[in-house]
Each structure stands twice: as C-alpha cells, then as structure tokens.
Amino acid sequence: MSVQLNTVRKLRVHWPISTETFTRIAAGEVSALRQDPGLAALLHAVEQFRELGDFGNYKHVFESGVGLEGFTCGEGAVPTLGAVGEHTVSPTFVFTTYFDAALEDHVVEQFIKELVDIHPWELPVIEVTGPVSVAGGLRAKDRSGAAAS
C-alpha cells in the first residue's frame with residue numbers, strides 16, 4: 001500500500017452546546033448534530049464552502065468530539081454564559097476539518113468571517129493551522145507487493 005500525503009491546513013472550531021446535546025452526542029445519537037440549532041448552523045455554514053473537507057471522492061469530511069471548555073470572564077466582557085470574574089465551564093463540540101494549503105487567503109478569510117458571524121460567543125475559539133501533511137489517498141498493493149496503478 002502506498003500513501004499519498006497532501007499539504008493541507010486544519011480548521012478547528014469550538015462550539016458551545018447544551019448539556020442535553022452533549023449527552024446525546026456522547027451516547028452516539030448522530031441526529032443531535034442537526035437537531036441542535038447552533039450545530040445545524042455551523043454544519044450548514046461549512047457545507048457552503050466546497051473547499052472545506054474535500055478529500056477527492058469524499059466531500060465535507062470532518063471529525064468531531066465533545067468536551068468541556070473553561071474560562072474566566074474579565075472586566076469588560078459581555079459573556080453569553082457565566083459572569084465577569086466567575087470561572088465557567090461549558091459543554092463544547094469541537095469540529096475539525098481540512099482544506100488545501102494553497103487555498104487563497106481571501107477564501108480562508110471569507111469562511112472564517114462567516115463562522116465568527118454565526119458563533120454565539122463574544123470571542124469564538126477558531127483555529128487555523130499553517131500547512132501540515134495528511135494521508136489523502138491510498139493505493140492498494142497487488143499480491144506481489146508492488147503498488148497497483
């Protein structure tokens with residue numbers, strides 16, 4: 001088997017979710033992704049950009065996880081959850097996808113702006129990495145051990 005590495009950038013978005021949505025996702029209820037209004041908006045937004053999660057024959061590829069996000073709001077903050085000076089912990093959905101590292105900056109800025117505009121937090125956690133390599137295509141070897149063409 002031969003592995004093809006593609007140069008990509010990673011996009012990771014941390015999105016607050018309710019305890020109910022957290023519990024449903026953790027229990028394997030995939031339908032919770034589309035039934036939660038915030039997550040439905042996130043998924044709809046990223047699906048509008050064909051460059052996100054494009055793995056050739058597979059489109060809109062993403063990974064996700066649920067966890068907890070902790071923070072303390074400082075003076076001047078206008079928090080959606082918690083209060084100034086209070087340490088707050090929020091159930092969080094973490095959405096990760098990839099896009100071609102050669103994608104023009106203005107396109108990247110366009111989908112980041114879209115995500116910031118719909119994100120419920122005053123200060124969203126949206127990560128974009130520099131170029132990394134991921135396995136993007138696998139070719140099976142024939143029985144002699146040579147890579148198939």
Side-chain angles (χ1 to χ4, degrees), residues 1-140:
M1 185 179 303
S2 174
V3 176
Q4 174 187 343
L5 294 178
N6 295 312
T7 304
V8 298
R9 294 174 70 186
K10 183 190 309 187
L11 170 68
R12 186 179 345 209
V13 181
H14 299 250
W15 198 276
I17 55 176
S18 68
T19 302
E20 177 189 354
T21 299
F22 180 96
T23 301
R24 290 180 63 204
I25 292 170
E29 290 184 45
V30 178
S31 63
L33 297 176
R34 296 277 181 197
Q35 292 171 349
D36 179 283
L39 290 183
L42 168 64
L43 294 174
H44 177 74
V46 298
E47 288 169 356
Q48 302 312 300
F49 293 94
R50 60 180 167 74
E51 300 89 354
L52 293 176
D54 183 356
F55 279 70
N57 290 337
Y58 298 89
K59 309 295 182 196
H60 307 118
V61 175
F62 71 92
E63 294 88 36
S64 67
V66 290
L68 301 172
E69 182 176 0
F71 54 91
T72 301
C73 298
E75 289 298 324
V78 183
T80 306
L81 179 66
V84 171
E86 172 184 287
H87 186 72
T88 303
V89 176
S90 168
T92 301
F93 179 82
V94 182
F95 172 93
T96 304
T97 193
Y98 302 87
F99 59 92
D100 190 316
L103 191 61
E104 294 181 18
D105 286 343
H106 77 275
V107 176
V108 176
E109 290 168 7
Q110 184 180 358
F111 59 73
I112 296 301
K113 182 183 180 323
E114 172 78 19
L115 293 174
V116 168
D117 287 348
I118 66 169
H119 199 288
W121 285 148
E122 179 181 21
L123 181 62
V125 178
I126 300 172
E127 306 169 37
V128 179
T129 68
V132 297
S133 295
V134 297
L138 299 175
R139 294 189 331 200

Q | Listed partners of Gln110 passing side chain to side chain contact (heavy atoms under 4.5 Å, CB included), at least two apart | A | Phe49
**Q.** Minimum heavy-atom distance Leu115-Ala45, with the two atoms named
**A.** CD2-CB, 4.3 Å
Q: State whether the side chain of Thr80 and the backbone N or O of Pro120 hold a donor-acceptor pair below 3.5 Å, judged by distance alone.
A: yes
Q.
Let me confirm one number: the CG-CD distance from Asp117 to Glu114, rounded to the nearest 0.5 Å.
A. 6.5 Å
Q. What's the spacing between Lys10 NZ and Thr96 OG1 if we round to 0.5 Å?
A. 6.0 Å
Q. Can you tell me how far the CG atom of Leu39 sits from the CD1 atom of Ile25, to the nearest 0.5 Å?
A. 5.5 Å
(Q) Can you give me the closest heavy-atom contact between Thr7 and Ser133, atom names plus distance? (A) OG1-OG, 4.4 Å
(Q) Ignoring hydrogens, what is the shortest heavy-atom contact between Thr21 and Asp36? Give both atom names and the distance. (A) OG1-OD2, 2.9 Å
Q.
Once ring-ring contact (aromatic ring centres under 6.0 Å, His included) is applied, what residue pairs with a partner in residues 91-110 remain, sequence neighbours excluded?
A. Phe62-Phe95, Phe99-Phe111
Q | Other residues, nucleotides, ligands: >12 heavy atoms within 6.0 Å of His44 NE2 | A | no
**Q.** Distance-only donor-acceptor check, side chains Thr129 and Arg12, under 3.5 Å
**A.** no
**Q.** Smallest separation among heavy atoms of Cys73 and Ala83, with atom names
**A.** CB-O, 3.8 Å
Q. Taking the side chain as C-beta and beyond, is there a heavy-atom pair between Val46 and His60 under 4.5 Å?
A. no
Q: Verify the neighbour count for atom CG of Leu123: are there more than 12 heavy atoms of other residues, nucleotides or ligands below 6.0 Å?
A: no
**Q.** For Pro91 against Thr19, the heavy-atom pair lying closest together
**A.** CG-OG1, 4.0 Å
(Q) Could you check whether any side-chain heavy atom of Arg24 comes within less than 4.5 Å of a side-chain heavy atom of Gln35, counting everything from C-beta outward? (A) yes
Q) Could you give the distance from CZ (Arg50) to NZ (Lys59), rounded to the nearest 0.5 Å? A) 9.0 Å
**Q.** Side-chain touch Ile112/Ile126, heavy atoms, less than 4.5 angstrom
**A.** yes
Q) Does some side-chain heavy atom of Val125 sit less than 4.5 Å from a side-chain heavy atom of Glu69? A) yes
**Q.** Between CG on residue Leu81 and CD on residue Glu122, distance to nearest 0.5 Å
**A.** 12.5 Å
Q: Output the distance between atom OG1 (Thr97) and atom CG (Asp54), rounded to the nearest 0.5 Å.
A: 9.5 Å
Q | Residue pairs, two or more places apart or on separate chains, that pass ring-ring contact (aromatic ring centres under 6.0 Å, His included) and touch residues 2-32 | A | Trp15-His119
Q: Measure the shortest side-chain to side-chain distance between Leu11 and Arg9 over non-hydrogen atoms and say whether it is less than 4.5 angstrom.
A: no
Q: Taking all non-hydrogen atoms of both residues into account, name the closest pair between Val66 and Ala26 and its distance.
A: CG2-CB, 4.5 Å
